[in-house]
4 protein chains.
Amino acid sequence: MSNEDKVPEFDPKGPELLYAALADHIAARIAVGELQPNMRLAPERELAEEYGVAYLTVRRAMKELRERGLIVTVHGKGTFIAEQPPGDGGP
Amino acid sequence: MSNEDKVPEFDPKGPELLYAALADHIAARIAVGELQPNMRLAPERELAEEYGVAYLTVRRAMKELRERGLIVTVHGKGTFIAEQPPGDGGP
Amino acid sequence: MSNEDKVPEFDPKGPELLYAALADHIAARIAVGELQPNMRLAPERELAEEYGVAYLTVRRAMKELRERGLIVTVHGKGTFIAEQPPGDGGP
Amino acid sequence: MSNEDKVPEFDPKGPELLYAALADHIAARIAVGELQPNMRLAPERELAEEYGVAYLTVRRAMKELRERGLIVTVHGKGTFIAEQPPGDGGP
DNA sequence: GTGGTCTAGACCACG
DNA sequence: GTGGTCTAGACCACA
């Protein structure tokens with residue numbers, strides 16, 4: 001945890017749903033430390049353009065990350081990387 | 001009417017719009033007698049801070065209450081609790 | 001009615017509120033036939049840019065026009081010029 | 001013109017009107033180069049506190065400076081030091 | 001990808 | 001020193 005590896009480009013090909021792939025990609029950027037706690041994420045519309053996906057796809061990915069506790073969003077202000085909780089230890 | 005019950009803290013969670021929730025909360029404070037006719041309400045900017053919302057949100061709530069006839073606002077002086085009309089009696 | 005005169009540029013100078021001036025300008029474009037019934041108006045954000053005003057100012061102007069019955073807006077689809085009611089005939 | 005002298009503290013004592021004294025003080029800060037073209041002036045309410053004067057006094061001083069062409073104010077954004085025109089050369 | 005609400009903070013009008 | 005309008009730009013609900 002908290003390694004400084006690089007996250008590969010976002011290039012979804014697998015059977016995974018697009019919004020899930022996007023959520024995973026951002027989650028990876030957080031895990032790797034590229035996105036640090038309390039940083040503000042780019043606005044949702046900007047993310048949509050950067051990733052070349054529809055706005056709604058970004059919204060779904062954000063919802064996913066919110067539910068995983070990785071981000072916190074404040075209406076009208078932006079969405080921020082959460083203080084990362086101790087990883088659940090995984091499988 | 002004019003009971004002296006307490007109004008619970010402002011803690012919007014429901015699906016209600018924030019400004020509407022705020023308007024309702026203040027309306028409740030009036031209904032319960034915490035805010036009496038002719039009293040001056042705190043300045044809008046102060047309300048915004050107290051309630052932890054943006055100024056515009058307070059403005060919208062005030063507009064709502066004005067339309068309901070619960071308050072009267074005078075430009076440059078402040079906003080005041082209106083002489084309460086006979087409640088519509090409800091169901 | 002339904003003349004094809006031209007509406008002058010939007011250039012608010014008077015004491016009128018900006019959003020009211022904007023509403024009037026669009027109302028004039030409708031009156032003159034430049035904007036025909038059932039046409040879709042440009043998106044609100046685009047109007048904001050075109051007119052060089054803030055988004056909220058456009059929103060307020062739209063609200064005004066909606067209340068005057070000149071436009072109809074559908075959430076998620078756009079705002080459309082209404083079937084014009086018989087003008088009140090004026091003086 | 002465009003000297004780099006220092007402007008003395010604001011300490012009105014003379015018969016001059018307070019808002020005029022304030023305007024002159026700010027004009028001096030511009031003349032001396034302490035306030036450069038295109039810089040944003042502190043918000044009016046902040047200036048009122050800093051100078052220890054009423055808000056209205058600041059507003060009047062701003063009006064004065066606007067009419068002298070020393071500042072440009074944009075509603076909702078702030079007030080900015082104007083590109084200084086060639087001094088009128090006055091005696 | 002639209003309309004709708006919210007945040008933050010500026011200048012304006014009025015008493 | 002209050003209420004009122006405006007700027008700028010964020011997230012939200014809907015089709």
Side-chain angles (χ1 to χ4, degrees), chain A residues 40-49 54-59 62-63 66 71 73-80, chain B residues 12 15-22 40-49 52-63 66 71-80, chain C residues 12 15-22 40-49 52-60 62-63 66 71-80, chain D residues 40-49 54-59 62-63 66 71-80:
Chain A
R40 202 184 72 178
L41 219 52
E44 295 173 337
R45 281 180 161 84
E46 218 170 281
L47 287 174
E49 259 197 273
Y55 178 60
L56 183 58
T57 302
V58 172
R59 294 275 304 147
M62 293 297 106
K63 183 162 186 257
R66 213 146 38 222
I71 61 175
T73 104
V74 183
H75 190 164
K77 291 190 70 173
T79 100
F80 304 83
Chain B
E16 201 180 14
L17 296 181
L18 188 51
Y19 79 88
L22 176 51
R40 202 184 72 179
L41 218 52
E44 296 176 335
R45 282 166 178 86
E46 217 169 283
L47 288 173
E49 257 197 278
V53 300
Y55 178 60
L56 178 58
T57 302
V58 171
R59 298 266 311 137
R60 281 179 174 165
M62 294 296 105
K63 185 165 187 248
R66 214 144 39 220
I71 61 175
V72 174
T73 105
V74 183
H75 189 165
K77 293 195 67 174
T79 100
F80 303 84
Chain C
E16 200 180 13
L17 296 181
L18 188 52
Y19 78 88
L22 176 51
R40 203 184 72 178
L41 218 52
E44 294 176 336
R45 282 165 179 87
E46 217 170 282
L47 287 173
E49 256 196 278
V53 300
Y55 178 61
L56 179 58
T57 303
V58 172
R59 299 266 311 137
R60 279 179 174 165
M62 294 296 106
K63 185 164 186 249
R66 216 146 36 223
I71 61 175
V72 174
T73 105
V74 183
H75 188 165
K77 291 195 67 173
T79 101
F80 304 83
Chain D
R40 201 182 74 179
L41 219 53
E44 295 173 336
R45 281 180 162 84
E46 218 171 279
L47 287 173
E49 259 197 271
Y55 178 60
L56 183 59
T57 303
V58 172
R59 296 273 305 146
M62 294 297 107
K63 183 160 185 260
R66 213 148 35 223
I71 62 176
V72 174
T73 105
V74 183
H75 189 163
K77 291 190 69 172
T79 101
F80 303 83

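Just so we're clear, the structure is a prediction, and the values are computed from it rather than from any experiment. Chain letters run A, B, ... following the sequence lines, proteins first, then strands; residues in each count from 1.
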Which heavy atom of [X] sits nearest to which heavy atom of [Y], and what is that distance?
| X | Y | answer |
| --- | --- | --- |
| Phe80(C) | Val74(C) | CE1-CG2, 4.3 Å |
| Val58(C) | Val53(C) | CG2-CG2, 3.7 Å |
| Leu47(C) | Ala42(C) | CD1-O, 3.5 Å |
| Met62(B) | Ile71(B) | O-CD1, 3.5 Å |
| Pro12(B) | Ala21(B) | CB-CB, 4.3 Å |

Q | side-chain hydrogen bond (donor to acceptor under 3.5 Å, both in side chains) partners for Arg40(B), two or more places apart | A |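 Per chain and number, Arg40(B) pairs via side-chain hydrogen bond (donor to acceptor under 3.5 Å, both in side chains) with no residue.
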
Q: State the CZ-CZ distance between Arg45(B) and Arg59(B), to the nearest 0.5 angstrom.
A: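 Going from the CZ atom of Arg45(B) to the CZ atom of Arg59(B) covers 8.5 Å.
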
Q | Pairwise distance NE2(His75(A)) to CG(Leu18(B)) - rounded to 0.5 angstrom | A |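 If I round to the nearest 0.5 Å, the distance is 9.0 Å.
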
Q: Let me have DNA chain F in dot-bracket notation, would you? Count Watson-Crick plus G-U wobble pairs, both distances under 3.5 Å, and use [ ] for pairs crossing earlier ones and | for inter-strand partners.
A: ||||||||||||||.

What integer distance in Å separates [X]:[atom1] from [N]:[atom2]?
| X | N | atom1 | atom2 | value |
| --- | --- | --- | --- | --- |
| Arg60(B) | dT7(E) | CZ | C1' | 11 Å |
| Met62(B) | dT5(F) | CE | P | 15 Å |
| Glu16(C) | dC6(F) | CD | P | 10 Å |
| Leu47(B) | dC6(E) | CG | C1' | 17 Å |
| Glu49(B) | dT2(F) | CD | C1' | 16 Å |

Q. For nucleotides 10-15 of chain E, read 5' to 3', which letter fits each nucleotide if B means a protein heavy atom sits under 4.0 Å from the base, S means only the sugar-phosphate is that close, and - means neither?
A. BBBBBB

